[in-house]
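Here is the structure we will look at.
The shown structure was predicted, so the numbers you read here are calculated from the model rather than taken from an experiment. Because only heavy atoms are used, hydrogens play no part in the values below, and waters and symmetry mates are left out as well, while side chains stay in. All chains are named by letter (A, B, ...) in the order of the sequence lines, taking the proteins before the strands, and each is independently numbered beginning at 1.
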Protein chains: 2
Amino acid sequence: MTETSRKLDTPRRGSARRDLAPADSVPRESPDSRETTPRHEGPKFRRRADARPDEVLDAALALFTEKGFAAARIDDIAQRAGISKGAVYLYFPSKQALIEAIVERALGPIAEEAIERLATLPGDPRLVISSVLRVLGRQLTSAQALAIPRLVIREAPSFPDIAELYRRAVLDRVVPALTALIRRGIAEGHFRQIDAELTVRSVVGPVLAHMVLADIFGILPADGLALDRLIENHIAILFDGLSLKA
Amino acid sequence: MTETSRKLDTPRRGSARRDLAPADSVPRESPDSRETTPRHEGPKFRRRADARPDEVLDAALALFTEKGFAAARIDDIAQRAGISKGAVYLYFPSKQALIEAIVERALGPIAEEAIERLATLPGDPRLVISSVLRVLGRQLTSAQALAIPRLVIREAPSFPDIAELYRRAVLDRVVPALTALIRRGIAEGHFRQIDAELTVRSVVGPVLAHMVLADIFGILPADGLALDRLIENHIAILFDGLSLKA
DNA sequence: GTCTTATAACTGACTGGTCAGTTCCAAGAC
DNA sequence: GTCTTGGAACTGACCAGTCAGTTATAAGAC
C-alpha cells in the first residue's frame with residue numbers, strides 16, 4: 001500500500017553541468033544503418049553524466065504530464081532524453097524516484113520566489129497581493145512551471161507522500177502567509193471584515209480556474225492565454241467588486 | 001490514436017430495476033468458509049443484470065478516482081461491484097468504455113441542473129449568480145458529484161475525446177451562459193465595466209480552489225469543508241470587493 | 001405441484017502482450 | 001592497459017481481454 005514511502009536515494013551526482021560535449025548538433029548516429037560500413041561518425045557516447053539527470057528529469061516530466069505516471073514508459077522517457085532505458089537506472093533507482101526527484105528539483109526555486117515577497121513586505125496589503133499575483137502570472141507563462149503543480153495534483157491520490165511534500169514546501173507556506181497578509185489588511189483598516197482564511201481562495205482561485213479552462217479544456221480568450229489581462233481584471237474585482245455603485 | 005472514438009454499445013438493458021433479489025440483507029456467501037462443511041447458504045450469484053451496469057460504473061468511478069485510470073485494475077473494479085472480472089465484460093466491451101459510460105451517465109443530471117437557472121432568469125444578475133453559486137455548493141457536497149469533474153480533469157490529457165465530451169456538455173454551456181449574464185449586468189448598469197469573459201473565472205475560481213485545497217491536499221478550515229461559508233464569503237467579495245471604503 | 005429444457009448470468013483459468021527493472025558485454029575515455 | 005559509460009537483450013510480474021464451462025432462473029410439459 002504505502003510503498004510510496006520508500007525514500008529516494010537519488011544519485012544526482014552534482015548538478016553543475018560541465019558541458020563536455022557540444023550539446024546541440026549531436027550526430028546521434030543515423031537511425032537507418034544504411035550502407036554496409038559500420039561507420040560511426042561522431043562520438044557514440046557523450047560522456048557528460050553530470051547533465052544527464054536533469055535531462056532525464058525533463059523528459060520524465062514531459063511524459064508524466066502527457067500520459068500520467070502509470071501510463072508513461074521508461075523506454076519513452078529514455079528515448080526522449082537521448083539515452084537507453086538501462087542508462088536511466090544509472091541515475092535513478094526506480095520509476096517512482098523520477099517523480100520524487102522532479103518535484104524536489106522544482107521545490108527550491110518555487111519556495112523562495114513568492115513567499116518572502118508577501119510575508120515580509122510592509123505597506124498596503126493590496127499592493128503586496130497585486131504584486132504577488134503579477135509574479136504568479138509571470139511564472140505560469142512557462143509551461144515548465146505549470147507542469148509541476150499539474151503533475152502533483154494529478155498524481156496526488158496515488159502518491160500521498162509527494163502531495164504532502166509539495167503541500168509542506170509550497171502550500172503550507174503560501175497559504176498561511178497570504179492569510180496573515182489579509183488579516184493584517186483587516187486589522188489596519190484596508191479590508192472589510194471578512195474571513196481571511198477563506199478569502200485566500202478568492203485571491204488565487206481565479207488564476208487556477210483560468211489555467212484549468214485553458215490548459216485542460218482549451219477554453220481561452222480570443223487573443224490567447226491573456227494571463228496579464230486576466231490578473232488585472234481579477235485584481236480589480238478582488239478589491240473593488242463587480243458592483244457599480246458600491 | 002483516436003480509437004477513443006469507438007462508440008460504446010453498452011448493453012444497459014433497461015435501467016428500470018426489477019429487484020428480483022431482496023437487494024439488501026443479501027447473504028452473499030460468508031467470505032470465510034468456516035467449518036469443514038461446504039455449505040453454501042444463499043445464492044452464489046445474484047442474477048440481477050438490470051442493476052449491474054450501474055454498480056460496475058460506481059465501482060469503476062471509485063477506483064479511477066482513487067488510483068487513476070491506468071493503475072486501476074478491472075479485477076478490483078469487479079470485486080468491488082461484487083462480481084467477477086468476466087462479468088464486467090458482459091456489460092462493457094473494454095476498460096475505456098467504462099470511463100466513457102461514467103462520464104455520459106453523469107452528464108444528463110449535471111446539464112439541466114444549473115444552466116437554465118442562470119441563462120433564463122431575468123432580474124438583478126447578482127441574485128442569479130448568487131443562486132447559481134449556492135446551487136453549485138450544494139451539489140459539490142456529494143463526493144459522487146465531485147468525482148466526475150475530478151476524473152475528467154485528471155484523465156483529460158490521455159482521453160481528449162472524453163475531455164471534449166465534458167466540455168461540450170457542461171463547459172460550453174455554462175461558461176457562455178455566465179458570460180452573457182455578466183454582460184447583461186454591465187449593460188443594465190449593475191456591474192462596472194469589466195471583461196465579462198475573464199470575469200467568469202473570478203466567479204467560479206474560488207470554489208474550484210477551495211475544492212482542490214481540501215480534496216487534494218487536505219487543507220481546509222478548522223470546522224470542516226465549510227462550503228457554505230466559503231461561498232457566502234466569496235459572494236461578498238465578488239460583488240463588493242475586499243476594500244473597506246470603496 | 002415436480003420434472004425437463006432452454007437460456008441468461010456468471011465464473012475463473014488462460015493467453016498474449018506490455019513494461020519495470022536487471023545483466024552483461026562492448027565501446028569509449030584517459 | 002584500466003575504468004567508466006551505455007545499450008540491448010532478458011526476466012519476471014502484471015494485467016486487459018477471452019472463452020469454455022458452471023449455476024441460477026424461467027418457462028413449458030405433465
Q | Nucleotide nearest B:L90 when distance is taken to its side chain, options C:dG21, C:dA9, D:dA16 | A | C:dA9
Q: Report the nucleotide, chosen from C:dT11, D:dA8, C:dT22, that has the shortest atom-to-atom distance to any side-chain atom of A:Y89.
A: C:dT22
From [atom1] of [X] over to [atom2] of [N], roughly how many Å is that when rounded to an integer?
X	N	atom1	atom2	result
A:D76	C:dA20	CG	C1'	13 Å
A:I83	C:dA27	CD1	C1'	17 Å
A:D75	C:dA20	CG	C1'	9 Å
A:K95	C:dC19	NZ	P	9 Å
B:Q96	D:dA16	CD	C1'	13 Å
B:Q79	C:dG12	CD	C1'	13 Å

Q) Do A:K85 side-chain and C:dA20 base share a donor-acceptor contact under 3.5 Å? A) yes
Q) What pairs meet the salt bridge (Lys or Arg N to Asp or Glu O under 4.0 Å) rule with one or both residues in residues 215-224 of chain A, with sequence neighbours excluded? A) A:R150-A:D215, A:D223-A:R229
Q) Is there a donor-acceptor contact under 3.5 Å from the side chain of A:R201 to the main chain of B:L230? A) no
Q | Sub-4.0 Å heavy-atom contacts from residues 63-74 of chain A onto DNA chain C, ordered by number | A | A:A72, A:R73, A:I74
**Q.** Heavy atoms of other groups near A:E66 CD, more than 12 under 6.0 Å
**A.** yes
Q | Pairwise side-chain contact, B:D172 with A:I219, heavy-atom cut-off 4.5 Å (strictly under) | A | yes
Q: Using a 4.5 Å cut-off on heavy atoms from C-beta on, say whether the side chain of B:V135 contacts that of B:Q139.
A: yes
(Q) Whether A:E155 and B:R154 form a salt bridge (side-chain N of Lys/Arg under 4.0 Å from carboxylate O of Asp/Glu) is what I want to check. (A) yes
Q: Answer yes or no: does a side-chain N or O of A:Y91 lie under 4.0 Å from OP1 or OP2 of D:dG6?
A: yes
